[in-house]
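Read through the structure below, which is laid out as structure tokens, and then see the notes.
Every value quoted in this text rests on a predicted model; they were computed, and no experiment measured them.
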Amino acid sequence: MAELIEKTYQEAPGRRVPLAKVRNIGIMAHIDAGKTTLSERILFYCGKNYKIGEVHEGTATMDWMVQEQERGITITSAATTCFWKEHRINLIDTPGHVDFTAEVERSLRVLDSAVAVFCSVGKVQPQTETVWRQARKYNVPIFAFINKMDRVGADFYGAVAEIRSKLKATACPILLPIGAESDFLGVIDVIDNKAHFYEDEQGQQIRIDEVPAEYKDKREEAYNYLVECLAEHNEDLMELFLEDKKPEVAQVKKALRECVIKALIVPVGCGTAFKNKGIQNLLDMILSYLPSPVDLPDTQGTDPYTEEKISRKTSDTEPLVALAFKIMNDPYVGKLTFFRVYSGIAARGMTVYNPRTRKRERLGRVLQMHANSREERDEIFSGDIAAAVGLKNVVTGDTICDEDNAIVLESMTFPEPVISMAVEPKTSSDRDKLYKALGALSEEDPTFQVRSDEDTGQTIISGMGELHLDIIRDRMVREFNVEASVGAPQVAYREAILGDASADTKFVRQSGGRGQYGHCVINLIAKERGHGITVENKVVGGNIPKEYIKPVEEGIRGAAATGVLAGYPLTDFHVEIVDGSYHPVDSSEMAFKIAGSMALKDAAKKAGVTLLEPIMKVEVTTPDENMGDIIGDITSRRGTIIEVNSDTGTGFTRVLTHAPLSELFGYATAIRSLSRGRASYSMEPAHFDKVPKSIEDKIMEKNR
């Protein structure tokens, strides 16, 4: 394998670590599963930190923001680099809270693999399902780590069962726990058939021994299941399996690595990051089974001029191709652009090309990041992740490349904001500072949007939830020194048509000279939730010239953005432009744009329009004695109970519900008072649904 890599992938002489020994991994999970604690242990054992940082003490390296240290949660993804057994590990610790889902999305886009962390008590939780879907979207290989094996109620095999049932993954345990809760002593390596016992508090003294007799059956069962799963994808193992022969250890490891890289199998390990057990085993598994950049297919993209599909090999000698995946405003160095190099070398001072803007830019300084500290580098090689200073017009998702070998990589898609509020500067002197701060924050975060309300003149900020906007407000005060007043949160409603309709609309204006003439006929077709807006040109015979089709579409999309019923965006429909006419003198792009806008509004009024509201998927974990109060409260908030699971071993019940976002403002306070602070909840956007008529009337009255 090593010889093949050396022949196929040429490396630059200045490279310190061979490309085959680089791992780009992300740590992802539901909130409070232990991602940051695990990241801190990895940095400690890799020698990056001499002291272990703790989240609850606010000393975690990766939670460097003041807001993160105060709240004990990860808000922004933090990147770092460390070394383990002559391998380079580029690691990104991602947030678990749904309000910061964009951080996970853009991190997974540039990573080669991920470690999914599960709480051994909570098992598969709502946000776990979200990050799992994000990883699968980019076909990222995953290693599952069952954390918190020292907690009361720890259930390794229950967590594995939920990974298989809820996430539909082929989960194969390759590290089994020895004991659980306060008796968790170590792990069993299923493939090597050895037991690893942790002898000291910091987990640095490990005794390797034979598998205890009482665990031999569990190990045998896990090994047979692993070989059986691998045999489905490996012909050599299938032959041995059918002949009832045992494969060599090396064969099993090779087959497992191949299946993990193709995202066919999810290997499962376990440990307790807080008690320093199982982390070195996890690091060994990362090196053994997760891919290096050379194990993955060539990078795919499109030619910015011809839009043809092209690919680029992972190699230091290829032309530069990198993807900007994150923007950050640093108080000391200014705008930082985080990027992943897919091929070529990014060197300090070099000129790069941005196909989106069709402009050249200069890489000022190139920095290797360790959370919020920086190390100056002259060159960043293929497969590495770094940050650049000096890129002015680069935004999240832009490709940075060599101008003579231009390529555009697949960008990222982010969810639409679900909550809005008005923001006003407290004094006139704060006005300019406010707009500067909002501009910088929206550049950093694609899910944070700023707009001006044309009717009221207010500045409206939109985000993914109350916590998201609260953090934005806090950052404005601390980082940008802006005092601002904010209004009550507003729900981002949508509008949708109730049926299909057609419209035949002319826009004609005569004002003494050249007039305005635009005429189009459209069919408006209602689509399922989540479809978005699509427009299709079905005009034949040149009744509308080609150059006027795009303005008609722009008019349709512009009208949809401002809505028909109550000023909210109209969505989930398909438009067919079927006919029209033009005037050889009076027709113009503007006339057809206005005609398209009028046609959509006419057709929508004929079809009938309803309001849609965002529905949240809410999971509440409550003590059994408070379950009735919690369910009663959810029901009073127009919630629908989906599932109730009682865990008899812990005395807690998990209640899964769907409830409208408009009814969930202040829910954190309500749930604390109902359970005396013992219950917790998490929520994420589920879908949009019709607003009840009585509530729709109130919204209409308010907007009127």
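When side chains are defined from C-beta on, Lys313 does not count as touching Ser343, because their heavy atoms never get closer than 4.5 Å. Contact of the Glu613 side chain with the Pro692 side chain is registered, since non-hydrogen atoms from C-beta on lie closer than 4.5 Å. By the 4.5 Å heavy-atom criterion applied to side chains, Val521 and Asn543 are not counted as neighbours. Between Arg106 and Pro446 there is a side-chain heavy-atom pair separated by less than 4.5 Å. At least one side-chain heavy atom of Leu524 sits less than 4.5 Å from a side-chain heavy atom of Leu600. Residues Pro141 and Pro291 are in side-chain contact: their nearest non-hydrogen atoms beyond the backbone lie under 4.5 Å apart. Residues Val124 and Ile163 meet the side-chain proximity criterion, which asks for heavy atoms closer than 4.5 Å. By the 4.5 Å heavy-atom criterion applied to side chains, Tyr138 and Val110 are not counted as neighbours.
Not counting sequence neighbours, Glu589 has no partner by the salt bridge (charged side-chain N to carboxylate O under 4.0 Å, His left out) test. Residues forming a salt bridge (charged side-chain N to carboxylate O under 4.0 Å, His left out) with Glu553 (at least two apart in sequence, or on another chain): Arg557. In terms of the side chain to side chain contact (heavy atoms under 4.5 Å, CB included) criterion, residue partners of Ala346 (sequence neighbours excluded) are, by chain and number, Leu320, Phe339, Val341, Leu363, Ile380. Listed by chain and residue number, Ile641, Thr657, Tyr667 satisfy the side chain to side chain contact (heavy atoms under 4.5 Å, CB included) test with Ile634 (two or more places apart in sequence, or in another chain). Not counting sequence neighbours, the partners of Lys335 by the salt bridge (charged side-chain N to carboxylate O under 4.0 Å, His left out) test are Glu443. For Tyr342, the ring-ring contact (aromatic ring centres under 6.0 Å, His included) test picks out no residue, with sequence neighbours left out. Residues forming a salt bridge (charged side-chain N to carboxylate O under 4.0 Å, His left out) with Lys605 (at least two apart in sequence, or on another chain): none. Partners of His687 by ring-ring contact (aromatic ring centres under 6.0 Å, His included), not counting sequence neighbours, listed by chain and number: His658.
Considering CE of Met598 and CD1 of Ile522, their distance stands at 11.5 Å, rounded to 0.5 Å. Taken to the nearest 0.5 Å, the CD atom of Gln449 stands 13.5 Å off from the CG atom of Leu441. Put simply, CZ on Phe507 and SG on Cys520 are 12.0 Å apart, with the number rounded to the nearest 0.5 Å. Once rounded to the nearest 0.5 Å, the distance linking CG of Leu167 with CZ of Phe118 reads 5.5 Å. Note that the CG atom of Leu108 and the CZ atom of Phe325 stand 11.0 Å from one another [nearest 0.5 Å]. Of the inter-residue distances, the one linking Ile549 atom CD1 with Asn537 atom CG reads 4.0 Å to the nearest 0.5 angstrom.
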Return all side-chain donor-acceptor pairs below 3.5 angstrom for residues 397-408, not counting sequence neighbours, or 'none' if the list is empty.
unit_1, atom_1, unit_2, atom_2, d
Asp398, OD1, Arg356, NE, 2.8
Asp398, OD2, Asn354, ND2, 3.0
Asp398, OD2, Arg356, NE, 3.0
Asp398, OD2, Arg356, NH2, 3.1
Asp398, OD2, Val395, N, 3.0
Thr399, OG1, Leu409, N, 2.9
Asp402, OD2, Asp404, N, 3.4
Asp402, OD2, Asn405, N, 3.3
Asp402, OD2, Asn405, ND2, 2.7
Glu403, OE1, Arg360, NE, 2.6

Side-chain donor-acceptor pairs of residues 525-534 under 3.5 Å, sequence neighbours excluded:
unit_1, atom_1, unit_2, atom_2, d
His531, NE2, Thr534, OG1, 2.9
Thr534, OG1, His574, ND1, 2.7

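The existence of a salt bridge linking Glu105 and Lys137 is confirmed by a sub-4.0 Å separation between a basic side-chain nitrogen and an acidic carboxylate oxygen. With respect to the salt-bridge test (charged N to carboxylate O, under 4.0 angstrom), the residues Lys606 and Asp602 do not qualify.
Proximity of a side-chain donor or acceptor of Lys550 to a complementary backbone N or O of Glu547 within less than 3.5 Å is not detected. Checking side-chain atoms of Arg164 against main-chain N and O of Ala171 turns up a donor-acceptor pair under 3.5 Å. In this structure a side-chain-to-backbone donor-acceptor pair under 3.5 Å is present from Glu361 to Asn393.
The two residues Met28 and Val131 come nearest to each other via the heavy atoms SD-O, 3.8 Å. The shortest heavy-atom contact between Ile142 and Leu290 is C-CD2, 4.5 Å. Closest non-hydrogen pair, Ala599 versus Ala503, comes out as O-CB, 3.4 Å.
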TODO: Take Ser588 and Gln516, measure what side chain to side chain donor-acceptor pair (under 3.5 Å) needs, and give me the verdict at the end.
DONE: CA-CA 7 Å; Ser588 65; Gln516 294 283 355; 2.7 Å; yes

Task: Pair Arg109-Glu410, side chain to side chain contact (heavy atoms under 4.5 Å, CB included): steps then yes or no - done: CA-CA 9 Å; Arg109 169 64 183 87; Glu410 180 193 356; 3.9 Å; yes

Open item on the list: Could you go through Arg358 and Tyr353, starting from their C-alpha distance and side-chain angles, then the distance that decides it, and tell me whether this counts as side chain to side chain contact (heavy atoms under 4.5 Å, CB included)?
Closed with: CA-CA 7 Å; Arg358 302 286 169 99; Tyr353 181 67; 3.1 Å; yes

- [ ] Take Ile92 and Phe338 through the side chain to side chain contact (heavy atoms under 4.5 Å, CB included) test and state the conclusion after the steps.
- [x] CA-CA 12 Å; Ile92 295 182; Phe338 285 74; over 6 Å; no

- [ ] Walk me through it: do Arg638 and Asp689 pass the test salt bridge (Lys or Arg N to Asp or Glu O under 4.0 Å)?
- [x] CA-CA 12 Å; Arg638 297 195 284 125; Asp689 211 345; over 6 Å; no

Open item on the list: Using the rule given for side chain to side chain contact (heavy atoms under 4.5 Å, CB included), can you reason through Ile699 versus Glu696, listing the C-alpha separation, both sets of side-chain angles and the distance that settles it, and then say yes or no?
Closed with: CA-CA 5 Å; Ile699 295 168; Glu696 183 180 302; 5.6 Å; no

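Residue-environment remark: NZ (Lys392) stays at or below the threshold of 12 foreign heavy atoms within 6.0 Å. Within a 6.0 Å radius of CD in Glu308, no more than 12 heavy atoms belonging to other residues, nucleotides or ligands are found. Residue Tyr582 qualifies as open at atom OH: its count of foreign heavy atoms under 6.0 Å is 12 or below.
Note: His468 and Phe448 have perpendicular aromatic rings, judged against thresholds of 30 and 60 degrees for the angle between ring planes.
Pairs engaging residues 573-585 under the salt bridge (charged side-chain N to carboxylate O under 4.0 Å, His left out) rule: Lys538-Glu576 [sequence neighbours left out]. For residues 494-506, the set of pairs meeting the salt bridge (charged side-chain N to carboxylate O under 4.0 Å, His left out) definition, not counting sequence neighbours, is empty.
Inspection of the Thr562 and Tyr568 side chains reveals no N or O donor paired with an N or O acceptor under 3.5 Å.
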